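Taking it in order: structure first as structure tokens, then the write-up.
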Amino acid sequence: MAQAILDVMPGASTGTVQVSDPLNFWAGKRVEPRQQKNAEPVFEPATGDCFFLLGSRWEKREKIAKLEVINNGKSITEALVDIDIAWQCIEYYAGLAGALAGQHVQLPGGAFAYTRREPLGVCVGIGAWNYPFQIAAWKSAPALACGNAMVFKPSPFTPVTAVILAEIYKEAGVPDGLFCVVQGGAETGTILCQHPKVAKVSFTGSVPTGKKVMEMSAKGVKQVTLELGGKSPLIIFKDCDLENAVRGALMANFLTQGQVCCNGTRVFVQKDIMPQFLEEVVKRTKAILVGDPLLDSTRMGALINKPHLEKVLGFVSQAKLQGARVLCGGERFVPSDPKLVNGYFMSPCVLDNCRDDMTCVKEEIFGPVMSVLPFDTEEEVVQRANNTTFGLASGVFTRDISRAHRVAENLEAGTCFINNYNISPVEVPFGGYKMSGFGRENGQVTIEYYSQLKTVVVEMGDVDNYF
Ligand SMILES: NC(=O)c1ccc[n+]([C@@H]2O[C@H](COP(=O)([O-])OP(=O)(O)OC[C@H]3O[C@@H](n4cnc5c(N)ncnc54)[C@H](O)[C@@H]3O)[C@@H](O)[C@H]2O)c1
Ligand SMILES: C[N+](C)(C)CCCC=O
């Protein structure tokens, strides 16, 4: 089955998914993608209709990416990477499916035991809106590889591309019902978490919703994976390669309009190199091309919706009131293209003069806002970096290899990037410490979160009877 799914990704088959009213469609219902041959890949904003023609592997990649741009607002450059990460994830778990294995344990007297890795049953995946296709793949690929079924609920803000994934699985021959997409918001999510036949919930979203999901799952003794928010530190020591550190800071803050859970939004810079760092990071931030996300040249698209844009701009206003200095950006951006004037764009922002007690430094903004903080010593910065309830990711730039590993060990986070940031190869586990959640996605370890272990004990002699 896994091979069949892979065969579909590079295949030359055709099919379409028709989506009516992408923001509200199929609320709470099972999606049955319609097969319509030879339809054009178009999206009609006026009617909300979306037609998608599956083609060759690379045509599909482009078309799914284009739909993801329409779905989410991120740049096409990033959406293409997201689609690649998604198929790499499916390929990876397809490979692991055949390698699932237990253990043989020799016992006294010739008896022995063995363990079997068995599926959990029906797993629910609930996704956030920032990586809609990728999240659906990160959850469904290991779930299916372990022999489970998955019911996936995307965010109501980005309902489209999970359905494309369902279509791909269907084309690959996945039996009906093994991967289903249901649409809706909190109400639908609640029904899924409370359903007695659901064995596990894998959730990606905010901390408050994650707590509710955990509470509901606890009542049914369901397993849970929680991929929640973050306020990750990025520590830049004076002995770093400054050019790479600046690039790393941009990667840590501005992907997907800054709407990334693991972003390194608290950028701690050692005082000695602060002026050079700020000069370079501001110059490069100002050069980020914001605008039509479907253009290859665009590097930053639109935020997810108006309330969210207003919330992010509100964080910038509050930061100013609390004494931060805006070095660039932080304002609504209106592109010159008339069709984009009502879009939810903002200019990427760098905040200086920040303190640890400011709201912009303590809370997850989930937008393109980098807060820069000075520090003196390693001991001090590690203590400040850990002074948060979150623990998703962290980063350190230094040429001192001992320091790099010491800092990585001491940071309370599920990931520490050394001399890079926000790369996530599928082979590498991803997940949080503290309030950023638990369980992992990606990597071999995720098999353990989508399967259960059965122990079989085999007697080879007579039964010892105490009675
Ligand atoms: N750690 C990660 O891997 C990761 C990845 C992406 C986003 N996030 C986090 O997600 C947040 C942004 O995403 P969001 O705004 O979509 O989060 P959210 O918590 O508002 O919603 C996430 C999902 O939960 C659903 N939902 C809402 N209420 C529910 C309920 N009561 N029961 C069940 N499901 C419910 C939503 O419909 C959506 O599908 C940020 O905090 C971000 O850091 C984390
Ligand atoms: C692919 N990234 C950039 C590591 C993001 C993972 C998902 C978090 O929002």
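Please read these numbers as outputs of a predicted model, since none were measured by experiment. FYI, the numbering just counts along the sequence from 1. Atoms within a ligand are numbered from 1 in the order they appear, just like the ligands themselves.
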Check the pair N263 / N422 against side-chain hydrogen bond (donor to acceptor under 3.5 Å, both in side chains), numbers first and verdict last. CA-CA 7 Å; N263 269 1; N422 261 343; 2.9 Å; yes
Verdict with supporting geometry, N71 and T161, side-chain hydrogen bond (donor to acceptor under 3.5 Å, both in side chains): CA-CA 7 Å; N71 207 17; T161 46; 3.0 Å; yes
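Annotation: F430 places no N or O atom under 3.5 Å from an N or O atom of ligand 1; distance criterion only. Residue I135 places no N or O, backbone or side chain, under 3.5 Å from any N or O of ligand 1. Close N/O approach between W129 and ligand 1 is found [any backbone or side-chain N/O within under 3.5 Å]. Residue contacts with ligand 1: C261 is placed with no nitrogen or oxygen under 3.5 Å of a nitrogen or oxygen of the ligand (distance criterion only).
Summary of contacts: the protein heavy atom closest to atom 9 (C) of ligand 1 is G205 O, 3.1 Å. Looking only at protein heavy atoms, the nearest one to atom 22 (C) of ligand 1 is T204 O, 3.6 Å. At the top of the distance list for atom 40 (C) of ligand 1, counting protein heavy atoms only, stands E364 OE1, 3.5 Å. Closest to atom 26 (N) of ligand 1, if we only count protein heavy atoms, is T209 CG2, 3.6 Å. Summary of contacts: the protein heavy atom closest to atom 13 (O) of ligand 1 is A128 CB, 3.4 Å. Regarding atom 25 (C) of ligand 1, its nearest protein heavy-atom neighbour is I126 CG2, 3.7 Å. Among protein heavy atoms, the minimum distance from atom 36 (C) of ligand 1 is reached at K153 NZ, 3.7 Å. Counting only heavy atoms of the protein, atom 24 (O) of ligand 1 lies nearest to F203 CE1, 3.1 Å.
For ligand 1, the atoms lying closer than 4.0 Å to a non-hydrogen atom of N130 are 6 (C), 7 (C). Atoms of ligand 1 found under 4.0 Å from any heavy atom of G189, numbered from 1 in the order shown, are 32 (N), 33 (C), 34 (N). Taking every heavy atom of T190 and a limit of under 4.0 angstrom, the matching atoms of ligand 1 come to 30 (C), 31 (N), 32 (N), 33 (C). Heavy-atom proximity to G229, at under 4.0 Å, picks out these atoms of ligand 1: 41 (O), 43 (O). With ligand atoms numbered from 1 in the order given, ligand 1 contributes 37 (O) to contacts under 4.0 Å with heavy atoms of G185. The L228 neighbourhood of ligand 1 comprises atoms 1 (N), 2 (C), 4 (C), 43 (O), 44 (C), with distances under 4.0 Å to a heavy atom of that residue. Counting atoms of ligand 1 from 1 in the listed order, those under 4.0 Å from a heavy atom of P156 are 37 (O).
Around CD of Q194, the count of heavy atoms belonging to other residues, nucleotides or ligands within 6.0 Å exceeds 12. Annotation: Q444, atom CD; neighbour count of heavy atoms from other residues, nucleotides and ligands within 6.0 Å does not exceed 12. By the 6.0 Å contact criterion, CD1 on I401 is open, its count of non-hydrogen atoms from other residues, nucleotides or ligands being 12 or less.
A heavy-atom distance below 4.5 Å is not found between the side chains of S155 and I126. Here the side chains of W138 and T204 are not in contact, with every heavy-atom distance at 4.5 Å or above.
Ligand 1 is never approached by F157 to a heavy-atom distance shorter than 4.0 Å. The closest approach between any non-hydrogen atom of G127 and ligand 1 is below 4.0 Å. Using a 4.0 angstrom heavy-atom cutoff, M216 counts as in contact with ligand 1. Residue contact annotation: S155 has a non-hydrogen atom under 4.0 Å from ligand 1.
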Check each N or O atom of ligand 2 against all protein N or O atoms and list the pairs under 3.5 Å, with atom names and distances to 0.1 Å, one per line.
residue	atom	partner	partner atom	Å
ligand 2	9 (O)	N130	ND2	2.9
ligand 2	9 (O)	C261	N	3.2

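Partner of D356 under the salt bridge (charged side-chain N to carboxylate O under 4.0 Å, His left out) criterion, out of R266, K362, R384: R384 alone. Each of V198, N148, V151, V201 was checked for a side chain to side chain contact (heavy atoms under 4.5 Å, CB included) with C123, and the lone residue meeting it is N148.
Remark: K434 engages E412 in a salt bridge (Lys or Arg N to Asp or Glu O under 4.0 Å) (not counting sequence neighbours).
In this model, no donor atom of one side chain and acceptor atom of the other lie less than 3.5 Å apart for R440 and T225. Inspection of the K231 and S436 side chains reveals no N or O donor paired with an N or O acceptor under 3.5 Å. A side-chain N or O of Q322 and one of T359 form a donor-acceptor pair less than 3.5 Å apart. With no hydrogens or angles considered, no side-chain donor-acceptor pair links T190 and K212 at under 3.5 Å.
Closest heavy-atom approach to atom 42 (C) of ligand 1 among the candidates F366, Y131, W138: F366. By heavy-atom distance, the residue among S436, S206, G432 lying nearest atom 17 (O) of ligand 1 is S206.
A salt bridge links R284 to E280: one of the charged nitrogens lies within less than 4.0 Å of a carboxylate oxygen. Between R247 and E243, at least one side-chain N (NZ, or NE/NH1/NH2) sits under 4.0 Å from a carboxylate O, which counts as a salt bridge. Between K74 and E68 there is no salt bridge, since no side-chain N of the basic residue sits under 4.0 Å from a carboxylate O of the acidic one.
Taking the centre and axis of the six-membered ring of Y450, the NZ or CZ atom of K200 falls inside the cone set by 45° and 6.0 Å.
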